Structures are given as C-alpha cells and as structure tokens.
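Please read the structure below before turning to the comments.
Keep in mind the model is a prediction, meaning the values are calculated, not measured. Throughout, protein chains are lettered first and strands after them, A, B, ... in sequence-line order, and every chain is numbered starting at 1.
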Amino acid sequence: KQEVTQIPAALSVPEGENLVLNCSFTDSAIYNLQWFRQDPGKGLTSLLLIQSSQREQTSGRLNASLDKSSGRSTLYIAASQPGDSATYLCAVRRVTSGTYKYIFGTGTRLKVLA
Amino acid sequence: NAGVMQNPRHLVRRRGQEARLRCSPMKGHSHVYWYRQLPEEGLKFMVYLQKENIIDESGMPKERFSAEFPKEGPSILRIQQVVRGDSAAYFCASSPLSDSFMGYTFGSGTRLTVV
C-alpha cells in the first residue's frame, strides 16, 4: 500500500530564507508526482509536476526534485516571501485497483514571517 | 477557458438531510475524480468517473454516498442522511485522459458543514 509522508508538518521561517520541504513515498512504482499549494479555505493550485522519468522541474523560485529509487521528492523554495505562506501538498500518482489516482501526503504548513 | 467548477462553495445541512455537490470538469476533460479532506487530514480518494460510468469507487463509504457523471451536465456527489462526520471539504478534479501525463486540475472545493 502506497503511503506518502511529508516532513516537517509545520514550518515557520523569516522572510528571505531558502527552504526545503520533503516528501517520501513507500512504493517507487509511481507514474508521476505533483506538488500543490493550498491556501486556508481554498482549493489546490498545482505548482510542479514531475514525470517518473524526470529528475526535477523548475518554475520561478520553485524547484522540485524526484528520486524514485529512494522514494523521495523535495520542493525547494528560494528567497521565501510572506505570500508563500500556505500548506504544501505532495501527491504521487500510480495505478491502484486498475486505475490511475493520486495518493496525497498530509502536507507541510508553511508560514513565512515578514 | 474556465477551470474545474464546483458548487456550492459552502453547504450547510442538518443531520439527516441530503447533500448534493456538483462538479463541472474543464472543457475537454471527460475524467472526474472526487476527493475528501477531513479537518486536519490529507485528501483521500473517493471515486473516479467517466461519462456515464463509475470506474473506481474503492474510496467511497459503503452507505449513503453515491456519485454520477451523466452524459450531459455536471458530476454529482450525493450524500444521503448526512451525519456530523461528513463535515469536510470535498474536492473534484478532472483530466483529459485516465493516464494523462498532464496530471489533475482541481476545483476550489465544496465545504460541507453538518449541524
């Protein structure tokens, strides 16, 4: 059974710091991995999608890496800003019960202090 | 090009009433997925539908919950005789193909409160 764990559960940092959010998964047979951002009371915004054959993806100040063999992904946020405060969710997609679906981690709650 | 539309955004129901949550996928997307997020928990898969077919309902509670995606109109998640434990955020996602490399696009969710 695929399990997705995100560490740390919560993080508070001063503005300007570079930070790393971690995601680990127990089954390396994944189709892809997606990082999402969720603001309080809001929906999910896709940040980065990494296919199983890729090692990393970048968008602006965000960089996500994927190491399938070790079951890990990291989301790197450079020069953090108060507007980055949100919950960050990692989700792995794999075939279970014959269909593709995402398994989500419980998220990392990030607070960037001005 | 509107994204995934869910309505209502907020829904309050008394115990024993029925809740109907609607999801209109993105244009060109024929695959719909429903997820539930309980307070302080991660998103859990509920059901995967294509037009007029339920493909995978392995995450649906055995009783009171049902889902449909008719040929015309939005996908509906229906919860009968709601209980306080049904209070959660319900998210819908869509994709153009079951194995789309593009991943999912999520709606903003419906927050159900049972009083």
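Using a 4.5 Å cut-off on side-chain heavy atoms (C-beta onward), B:Asp56 and A:Lys101 make contact. In this structure the side chain of B:Phe45 never reaches within 4.5 angstrom of the side chain of A:Phe104, judged on heavy atoms.
Of the two parts of A:Gln6, neither the backbone nor the side chain holds a non-hydrogen atom closer than 4.5 Å to a non-hydrogen atom of chain B. Contacts of B:Gln6 with chain A are absent, with no heavy-atom separation under 4.5 Å from either backbone or side chain. Using a 4.5 Å cut-off between heavy atoms, A:Leu89 touches chain B through its side chain atoms alone.
For A:Tyr102 (side chain) and B:Lys44 (main-chain N/O), no donor-acceptor pair under 3.5 Å exists by modelled atom type. Judged by distance alone, with hydrogens and angles left aside, the side-chain atoms of B:Arg111 form a donor-acceptor pair with the main-chain N or O of A:Lys42 at under 3.5 Å.
Listed by chain and number, the residues in a salt bridge (Lys or Arg N to Asp or Glu O under 4.0 Å) with B:Arg22 amount to none (sequence neighbours excluded).
Hydrophobic clustering of Ile, Leu, Val, Met, Phe, Trp and Tyr side chains at less than 4.5 Å, counting indirect connections, keeps B:Leu43 apart from B:Met60. With hydrophobic clusters built from ILVMFWY side chains whose heavy atoms lie under 4.5 angstrom apart, B:Met46 does not share a cluster with B:Val4. By the rule that hydrophobic residues join a cluster once side-chain heavy atoms approach within less than 4.5 Å of another member, B:Phe106 and B:Trp34 end up as members of separate clusters. Connection of A:Leu48 to A:Tyr76 is not established within any shared hydrophobic cluster, with ILVMFWY side chains joined at heavy-atom distances below 4.5 Å, either directly or through further cluster members. The hydrophobic cluster containing A:Ile103 does not contain A:Phe36, counting ILVMFWY residues as joined when their side-chain heavy atoms lie under 4.5 angstrom apart, directly or transitively.
The minimum heavy-atom distance between B:Ser95 and A:Arg93, with the atom names listed, is OG-NH2, 4.4 Å.
Other residues, nucleotides and ligands place more than 12 heavy atoms under 6.0 Å from the CZ atom of A:Arg61.
To the nearest 0.5 angstrom, B:Tyr104 atom OH is 12.5 Å from A:Leu44 atom CG.
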